[in-house]
*Asks:* 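Quick one: the structure is below, questions incoming.
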Amino acid sequence: MQRDYKLSSYSLNSVSAHFLSEQKEDVHHSIISDLQNGNAETRRRLAVYCLKDAYLPQRLLDKLMFIYNYVEMARVTGVPISFLLSRGQSIKVLSQLLRKAKQKNLVIPNVKQAGSDQGTYEGATVLEARAGFYEKPIATLDFASLYPSIMMAYNLCYCSLVTPEDVRRLNLPPESVNKTPSGETFVKSNLQKGILPEILEELLTARKRAKADLKEAKDPLEKAVLDGRQLALKISANSVYGFTGATVGQLPCLEISSSVTSYGRQMIEHTKKLVEDKFLTLNGYEHNAEVIYGDTDSVMVQFGVSSVEEAMNLGREAAEYISGTFIKPIKLEFEKVYYPYLLISKKRYAGLFWTKPDNFDKMDTKGIETVRRDNCLLVKNLVNDCLHKILIDRDIPGAVQHVKNAISDLLMNRMDLSLLVITKGLTKTGDDYEVKAAHVELAERMRKRDAATAPNVGDRVPYVIIKAAKGAKAYERSEDPIYVLENNIPIDPQYYLENQISKPILRIFEPILKNASKELLHGSHTRSISISTPSNSGIMKFAKKQLTCIGCKALLSRVGQVAAMEIALSAHIAREGRLSCTAKQLLKVGIYLK
DNA sequence: TCATAATCCTAA
DNA sequence: TGAGTTAGGATTATGA
């Protein structure tokens with residue numbers, strides 16, 4: 001799951017909730033013995049818990065069609081299925097290389113760990129972003145499979161790379177070699193056709209075939225298999241470049257990878273120049289085109305026209321014209337129009353995504369808080385709602401009011417705790433961190449409380465920021481949300497306002513609103529009276545939200561007291577035979593209270 | 001106070 | 001003993 005999906009938690013419970021809308025029948029480890037030693041009813045609960053823990057992974061495998069996709073990937077790359085789970089990306093490329101080399105009666109050297117002499121090389125160009133809110137359509141031009149097509153176009157491979165001495169010694173004619181922008185020399189395919197380009201060609205034609213078959217397919221199962229296949233082929237093609245640049249891998253060749261990126265850099269610059277030189281009033285166009293941004297294989301163009309349809313036509317014209325200036329498989333495509341388009345900075349933007357002139361397909365956001373997993377839901381939702389109001393509803397006053405309401409709710413402690421939970425990945429063991437960080441320090445503290453449930457390396461750590469002495473560092477104020485609930489610890493709304501909400505919101509509003517800061521963050525709504533501890537009713541609200549079954553909800557509202565929660569739940573289990581909605585958080589709270 | 005390094009996560 | 005790449009923004013800790 002961690003490899004294929006980006007989620008904010010990878011616990012079986014939360015993954016199941018996300019994909020299956022089903023949850024575990026959770027049992028806290030501390031009560032397992034008690035349940036086993038209890039009566040038939042408690043053992044039943046334990047058994048249901050065990051069964052469900054086996055059943056959920058099975059359902060996930062089915063739902064996400066892991067088996068089909070893995071079989072297809074194994075076929076394409078020639079590795080055993082177990083490698084797809086236990087090993088990385090590079091074994092797949094190596095396997096394809098070995099298969100091809102055997103066909104051609106070539107051997108692959110067993111290279112020793114070359115040491116860290118070279119290591120890094122220059123990557124892609126990211127064009128300077130002309131930040132702003134664009135209310136005219138922006139056309140996007142993209143290179144299709146940029147790096148694979150470069151490797152094919154210029155025959156880049158281990159077996160086509162030659163040194164300057166080779167060129168002299170073998171008296172290679174200049175028309176039979178290519179010198180790459182990074183200064184390497186590769187022979188053309190008439191002298192020695194590269195293995196990598198050949199692999200890539202096969203992968204990409206196979207993908208085209210799979211996509212064509214997918215279009216024809218009627219049966220949902222067949223469709224799923226074909227979609228898995230075309231995806232496997234795409235991923236395989238894209239990882240070939242990475243393989244050549246992996247200096248810790250089996251067969252690094254930075255001459256290839258740095259040549260690929262150098263061609264890519266040349267091509268994006270060339271594209272920008274061509275667009276801006278051709279689409280001018282001088283040449284009979286209505287406006288001068290401007291490239292406002294671009295990253296690696298794409299350029300965003302403002303042609304100056306005001307309708308989506310005109311922008312699409314110009315985009316197609318430009319893509320065709322520019323494609324004609326590149327050799328064989330390299331192709332620039334017109335893909336989509338953004339309208340309106342909010343460009344915040346490099347790698348950060350939002351806009352409505354149009355592929356046809358009549359209506360937009362979706363709201364698309366890149367890099368900003370809505371797509372990041374390390375922000376609390378409050379920020380994520382707030383930014384998303386504002387973008388929705390600004391881009392789709394075109395209601396800026398409405399967006400402003402929404403922010404004010406949220407800030408006011410936060411400062412009055414009306415915010416659900418689950419919206420304030422920040423999560424960050426634990427990437428190494430505590431000792432290996434050089435500076436103190438909120439999630440790392442909390443993980444250590446939790447380990448001291450209960451080593452069994454504390455987060456481990458690779459886990460994501462959820463935390464909230466609690467009130468503390470002025471000037472205390474964030475890492476001193478991070479706390480486990482469950483611990484906060486059970487001990488009635490007050491959170492720090494000011495932290496959430498100043499360190500979580502304020503900057504992301506300002507970045508969204510600043511291109512749109514003058515005095516954004518004054519209007520949004522310093523109005524009367526920021527002077528709400530703050531109640532410092534969450535009330536019982538706050539906890540009850542949280543608990544109710546966690547419960548999905550009507551029986552439990554009804555029960556909770558009747559009991560109405562936190563201390564009675566666990567008793568209520570036990571009664572419910574006794575009556576119904578099981579806890580049908582399995583509220584993990586709630587159970588934990590209940591157990592602690594007990 | 002401020003520049004810089006560490007860290008996380010994303011775009012491509 | 002196995003590991004795909006670089007670019008880049010944002011936040012926080014750290015130390016001069």
Side-chain angles (χ1 to χ4, degrees), chain A residues 3 6-8 77 83 86-94 96-97 110 112-113 118-129 131 140 142-148 151 234-254 256-262 264-265 268 293-300 343-350 364-375 379-380 422-428 432-441 460-461 465 471-478 495 498-500 502-504 506-507:
Chain A
R3 188 174 293 186
K6 283 186 174 172
L7 305 175
S8 51
T77 58
F83 280 22
S86 61
R87 313 263 313 251
Q89 294 290 330
S90 70
I91 190 67
K92 294 190 266 182
V93 180
L94 184 65
Q96 291 173 85
L97 263 175
N110 186 8
K112 287 209 193 84
Q113 204 57 262
Q118 270 184 306
T120 61
Y121 59 94
E122 191 178 346
T125 295
V126 183
L127 298 179
E128 216 46 60
T140 308
D142 278 83
F143 285 102
S145 305
L146 178 68
Y147 287 178
M151 296 174 89
K234 179 190 177 181
I235 293 170
S236 290
N238 284 337
S239 47
V240 170
Y241 151 75
F243 177 84
T244 66
T247 46
V248 286
Q250 295 94 328
L251 203 60
C253 183
L254 299 196
I256 297 175
S257 44
S258 63
S259 293
V260 170
T261 56
S262 69
R265 291 193 298 275
I268 192 174
Y293 179 53
D295 186 346
T296 311
D297 62 354
S298 66
V299 289
M300 316 303 199
L343 178 56
I344 294 168
S345 65
K346 285 181 175 182
K347 302 203 186 269
R348 268 143 214 264
Y349 59 82
D364 197 23
T365 37
K366 289 290 157 78
I368 50 189
E369 286 72 18
T370 51
V371 296
R372 295 182 63 90
R373 296 173 297 169
D374 54 353
N375 286 278
V379 173
K380 223 169 148 173
I422 301 164
T423 70
K424 283 198 163 84
L426 203 57
T427 57
K428 44 194 166 186
D432 291 345
Y433 280 96
E434 299 202 23
V435 293
K436 289 176 174 170
H439 63 301
V440 183
E441 295 297 303
R460 298 187 61 81
V461 185
I465 296 294
K473 300 284 187 189
Y475 64 80
E476 297 169 311
R477 297 193 278 151
S478 56
Y495 174 87
E498 286 166 13
N499 297 58
Q500 293 287 124
S502 119
K503 282 181 179 170
L506 282 183
R507 283 194 291 266

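Each chain gets a letter, A, B and so on, in the order its sequence line appears, and its residues count up from 1.
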*Asks:* Rounding to an integer number of Å, can you tell me how far A:Glu128 CD sits from C:dG9 P?
*Replies:* 8 Å

*Asks:* Separation of A:Ile268 atom CD1 from B:dA12 atom C1', in whole Å?
*Replies:* 10 Å

*Asks:* Would you classify A:Val440 as touching base, sugar-phosphate or nothing, given that sugar-phosphate means primed atoms plus P, OP1 and OP2, and contacts are heavy atoms under 4.0 Å?
*Replies:* nothing

*Asks:* Could you write out each protein N or O paired with an N or O of nucleotides 13-16 of chain C at a distance under 3.5 Å?
*Replies:*
residue, atom, partner, partner atom, Å
C:dA13, OP1, A:Ala474, N, 3.2
C:dA13, OP1, A:Tyr475, N, 3.3

*Asks:* Do any side-chain nitrogens or oxygens of A:Tyr349 fall under 4.0 Å of OP1 or OP2 in B:dT10?
*Replies:* no

*Asks:* Do A:Arg373 side-chain atoms and A:Arg460 backbone N/O form a donor-acceptor pair below 3.5 Å?
*Replies:* no

*Asks:* Is any side-chain N or O of A:Arg460 closer than 4.0 Å to OP1 or OP2 of B:dC8?
*Replies:* no

*Asks:* Against the six-membered ring of A:Phe83, is A:Lys92 placed for a cation-pi contact (under 6.0 Å from the centre, within 45° of the normal)?
*Replies:* no

*Asks:* With a 4.0 Å cut-off, would you call A:Glu441 and A:Lys473 a salt bridge?
*Replies:* no

*Asks:* Could you work out the separation of B:dA12 and C:dG4 based on their C1' atoms and round it to a whole Å?
*Replies:* 14 Å

*Asks:* Just how far is it from atom OH of A:Tyr349 to atom CG of A:Asp295, taken to the nearest 0.5 Å?
*Replies:* 7.5 Å

*Asks:* Heavy atoms only, 4.0 Å cut-off, all strands: where does A:Ser239 land among base, sugar-phosphate and nothing?
*Replies:* nothing

*Asks:* What nucleotide among C:dA3, B:dA12, B:dT10 has an atom nearest to a side-chain atom of A:Gln250?
*Replies:* C:dA3

*Asks:* Find the distance A:Tyr147:OH to B:dA11:C1' and express it as a whole number of Å.
*Replies:* 11 Å

*Asks:* Could you state the atom-to-atom distance from CZ of A:Arg373 to C1' of B:dT7 in whole Å?
*Replies:* 14 Å

*Asks:* Can you tell me if A:Lys6 touches the phosphate of B:dT10, counting only side-chain N or O atoms and a distance under 4.0 Å to OP1 or OP2?
*Replies:* yes

*Asks:* Taking only the side-chain nitrogens and oxygens of A:Tyr433, find out if one of them lies under 4.0 Å from OP1 or OP2 of B:dC8.
*Replies:* yes

*Asks:* Just checking, is any N or O donor in the side chain of A:Thr423 or A:Ser8 under 3.5 Å from an acceptor N or O on the other one?
*Replies:* no

*Asks:* What is the distance from CG of A:Leu506 to P of C:dG9, rounded to the nearest Å?
*Replies:* 18 Å

*Asks:* Within this structure, what is the CZ-to-C1' distance between A:Phe143 and B:dA12, rounded to whole angstrom?
*Replies:* 14 Å

*Asks:* Considering only C:dA10, B:dC9, B:dA12, which nucleotide approaches the side chain of A:Ser345 most closely?
*Replies:* C:dA10

*Asks:* Atom CG of residue position A:Asn110 - does it have more than 12 heavy atoms of other residues, nucleotides or ligands inside 6.0 Å?
*Replies:* no

*Asks:* Side chain of A:Lys428: nearest nucleotide among B:dT7, B:dA12, C:dA3?
*Replies:* B:dT7

*Asks:* Hey, could you give me the OH/CG distance between A:Tyr433 and A:Leu426, rounded to the nearest 0.5 Å?
*Replies:* 4.5 Å

*Asks:* From the list B:dC8, B:dT10, C:dT12, which nucleotide is the closest neighbour of the side chain of A:His439?
*Replies:* B:dC8

*Asks:* Say you draw a straight line from OH of A:Tyr121 to OG1 of A:Thr244; how long is it, rounded to the nearest 0.5 Å?
*Replies:* 6.0 Å

*Asks:* What are the atom names and distances for every N/O pair under 3.5 Å that joins the protein to nucleotides 6-8 of chain C?
*Replies:*
residue, atom, partner, partner atom, Å
C:dT6, O3', A:Gly123, N, 2.8
C:dA7, OP1, A:Gly123, N, 3.0
C:dG8, OP1, A:Lys346, NZ, 3.0

*Asks:* Would A:Lys346 and A:Glu128 pass as an ion pair if we require N to O under 4.0 Å?
*Replies:* yes

*Asks:* Hey, is the main chain of A:Glu122 close enough, under 3.5 Å, to the side chain of A:Thr261 for a donor-acceptor pair?
*Replies:* yes

*Asks:* What's the CG-C1' distance between A:Leu94 and C:dT1, to the nearest Å?
*Replies:* 14 Å

*Asks:* With DNA chain C as reference, determine whether A:Gln89 or A:Lys503 sits nearer its 5' end, using the nearest nucleotide of each.
*Replies:* A:Gln89

*Asks:* Which atom pair, heavy atoms only, marks the closest approach of A:Asp142 to A:Ser298?
*Replies:* OD2-CB, 3.6 Å

*Asks:* Below the 4.0 Å mark, does C:dG4 have OP1 or OP2 next to a side-chain nitrogen or oxygen of A:Asn238?
*Replies:* no

*Asks:* Over how many whole Å does the gap from A:Asn110 atom CG to C:dT1 atom C1' extend?
*Replies:* 12 Å

